[in-house]
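Working notes for the structure below.
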Amino acid sequence: MGIIIFIIILLIYHLRLHKKNSFISRHRVLFFLLFTVVGVGFIVLQRDTWYTQTYINSVPVIPHNNNKIEYDDATGVYTIISEKEDFKILHLTDIHLGGSLYSYRKDLKALKACYTEIEYAKPDFVVVTGDLCFPMGLMSMSLNNTSSVQQFAAFMRNIGIPWCFTYGNHDTESFASASKSELNEVYKSLSYKTSGTLLYPYVQPDVTGRNNQVIEVRNSDGTLNTALFLIDSNAYTGEGINVYDYIHDDQVEWYASEVKRRNREEGKVISSMVFFHIPLQEYRTAYELYEKGSHEVTYFFGENREKMIDKVCCSNHSSKLFDKMVELGSTKAVFCGHDHYNNMSLEYKGIRLTYGMSIDYLAMPGIAHDTKQRGAELITLHRDSSWEVKQLPLTEITKSGK
């Protein structure tokens, strides 16, 4: 508001200054008007709006197992104790809520798609791998990256199922209303002690990234079933437009130290899974080998139909994470998002690399009318730490009427 008042005063002063000459510069007036429109538009795009709240308020609880959840204030680690033979995780990615009047209908479709997937799967836990919001100015008619987060948190709170989140490249855009640190505080304010559903840590390791955390899934006898690593793949390197970042060395060392510590505690190599947003370069390597018909990869399901220049939009910088996972032998499954039309699952060097089916109705041009790529993955952890993954395409769920 202060900017608008300043611009108006400046414009009046400018006109009075030229009144003696009874001459008003058309170009200067147009400049000030343009400056005013841009300033007002910037303020409007940063507004906190809640257009989907009526729908969110109507969302009922989805029946699920009420597993015990513990939080360690010293380490920031959540522990979920599973009382059943199987523990089910639903993987969602790239929801892309715009949070504006312009994006309202697509936001509503995205939330309803999430509800359909969750209601069908009835998971114990939900993991969202980034790009929950889309504060992209004219593309979404919003620069606000807090209202979408708050609305999705309210949506999940009404559903009643615990969930967690890794950051994507769009969640903290440069011109977004909340900075990285500010959005981090928003997530903390919505976390478990407040909502009872969001497992976002109040304490985080001192490594690169907006949030890196471990969530332990333990059996009823206290033994560790699987450690879930949520690692920030970061956003952009700053070297140009859409030059994607990667998982840095200190993050890899943190991952390794956490695996080794649990190996010592459990007296064996633990089972773990890793979730992040931007694919590792090995996703591209595995896909290229698959296209060549190489026996170095094993195909499980899905297809890569990304429409961008690169079939796999990974960073140009190589991360050491994949080699470290191979070396330690703990992680056998990795999940990411980012490439909205890719949902292939391939095993390479003993590690299953799986793309999540995206939810997005907004970010990619024309994607609201495409259907084959939309859905989720259901990950089932068995008591002996074995696991399985299957796709849940939204079209198949809605077609079945379940």
Side-chain angles (χ1 to χ4, degrees), residues 75-77 91 93-94 127-132 164-173 180-181 183-184 187 200-201 203-215 226-240 242-262 270-287 306 310 312-339 342 344-356:
T75 63
V77 175
H91 174 219
T93 193
D94 294 272
V127 179
V128 180
T129 52
D131 283 2
L132 174 56
C164 66
F165 169 80
T166 66
Y167 285 89
N169 55 297
H170 287 305
D171 293 296
T172 54
E173 287 285 351
K180 297 176 183 179
S181 60
L183 193 61
N184 177 54
Y187 270 107
Y200 190 87
V203 177
Q204 298 165 9
D206 185 20
V207 295
T208 303
R210 294 156 290 185
N211 175 44
N212 301 276
Q213 70 176 117
V214 187
I215 296 173
T226 306
L228 309 178
F229 284 87
L230 286 80
I231 303 179
D232 187 8
S233 54
N234 302 294
Y236 309 103
T237 62
E239 299 169 349
N242 282 352
V243 178
Y244 298 118
D245 212 334
Y246 66 108
I247 295 171
H248 292 224
D249 292 355
D250 60 340
Q251 295 173 281
V252 175
E253 288 307 311
W254 166 78
Y255 157 81
S257 66
E258 292 295 319
V259 168
K260 291 175 183 178
R261 182 171 67 80
R262 286 169 176 79
I270 65 163
S271 176
S272 63
M273 293 182 171
V274 177
F275 299 81
F276 46 77
H277 182 70
I278 299 173
L280 299 170
Q281 287 188 356
E282 283 75 13
Y283 271 78
R284 181 173 61 195
T285 301
Y287 179 69
E306 183 58 50
D310 299 316
V312 175
C313 297
C314 55
S315 175
N316 294 326
H317 298 268
S318 178
S319 173
K320 296 178 181 179
L321 180 62
F322 186 83
D323 289 340
K324 183 61 69 173
M325 290 190 294
V326 172
E327 174 192 329
L328 295 177
S330 167
T331 299
K332 299 298 183 182
V334 176
F335 301 87
C336 75
H338 189 57
D339 295 335
N342 290 354
M344 189 173 283
S345 183
L346 298 171
E347 185 178 291
Y348 175 53
K349 293 187 177 181
I351 297 177
R352 183 92 166 261
L353 302 172
T354 302
Y355 266 113

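Residue numbers count from 1 along this sequence. What you see is a predicted model, and the numbers here were worked out from it, not measured in a lab.
Using a 4.5 Å heavy-atom threshold, the side chains of H338 and Y244 count as touching. The shortest side-chain heavy-atom distance between T285 and F322 does not fall under the 4.5 Å cut-off. Looking at heavy atoms from C-beta onward, Y200 lies out of side-chain contact with L230 at the 4.5 angstrom threshold.
Between F276 and S233, the shortest heavy-atom contact is CB-CB, 4.3 Å. Shown here for P201 and Q213, the closest heavy-atom pair between the two residues is CD-OE1, 3.2 Å. In plain terms, the two heavy atoms of S315 and H317 that are nearest each other are OG-N, 2.9 Å. The two residues L183 and D171 have their closest heavy-atom pair at CD2-O, 3.5 Å. In plain terms, the two heavy atoms of N169 and I278 that are nearest each other are CB-CD1, 4.5 Å. Nearest heavy atoms, F335 versus M273: CE1-SD, 4.0 Å.
The only member of V334, V326, I231, T331 that meets side-chain contact (heavy atoms from CB on, under 4.5 Å) when paired with L321 is I231. None of V128, I215, T129 except one satisfies the side-chain contact (heavy atoms from CB on, under 4.5 Å) rule with C164; the exception is I215.
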Where do Y255 and L328 land on the side chain to side chain contact (heavy atoms under 4.5 Å, CB included) test, with the steps shown first? CA-CA 10 Å; Y255 157 81; L328 295 177; 4.0 Å; yes
Taking it one step at a time, do N211 and D232 satisfy side chain to side chain contact (heavy atoms under 4.5 Å, CB included)? CA-CA 6 Å; N211 175 44; D232 187 8; 5.7 Å; no
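Residue pairs meeting the salt bridge (Lys or Arg N to Asp or Glu O under 4.0 Å) criterion with at least one member in residues 278-287, sequence neighbours excluded, do not occur. Counting only residues at least two apart or in different chains, salt bridge (Lys or Arg N to Asp or Glu O under 4.0 Å) contacts with residues 246-256 comprise D249-K320.
N316 contributes atom CG, which lies 8.0 Å from atom OG1 of T237 (distance to the nearest 0.5 angstrom). In this structure, the separation between CG on N234 and CZ on R210 is 6.0 Å, given to the nearest 0.5 Å. Here E173 contributes atom CD and D131 contributes atom CG; the two are 8.5 Å apart, rounded to the nearest 0.5 Å. Interatomic distance, OG of S345 versus CZ of R352, reported as 3.5 Å (0.5 Å rounding). Atoms CZ and CZ, on F229 and F275 in that order, are 11.5 Å from each other to the nearest 0.5 Å. Atom-to-atom distance recorded for D323:CG and S318:OG is 7.0 Å, nearest 0.5 angstrom.
Between the side chains of Q251 and Y246, no donor N or O sits under 3.5 Å from an acceptor N or O. No hydrogens or angles considered: a donor-acceptor pair under 3.5 Å links the side chains of Q204 and N184.
Ring centroid separation for the pair Y283 and Y355 comes in under the 6.0 Å cut-off.
Panel note: side chain D339, backbone V312; no donor-acceptor pair is recorded below 3.5 Å.
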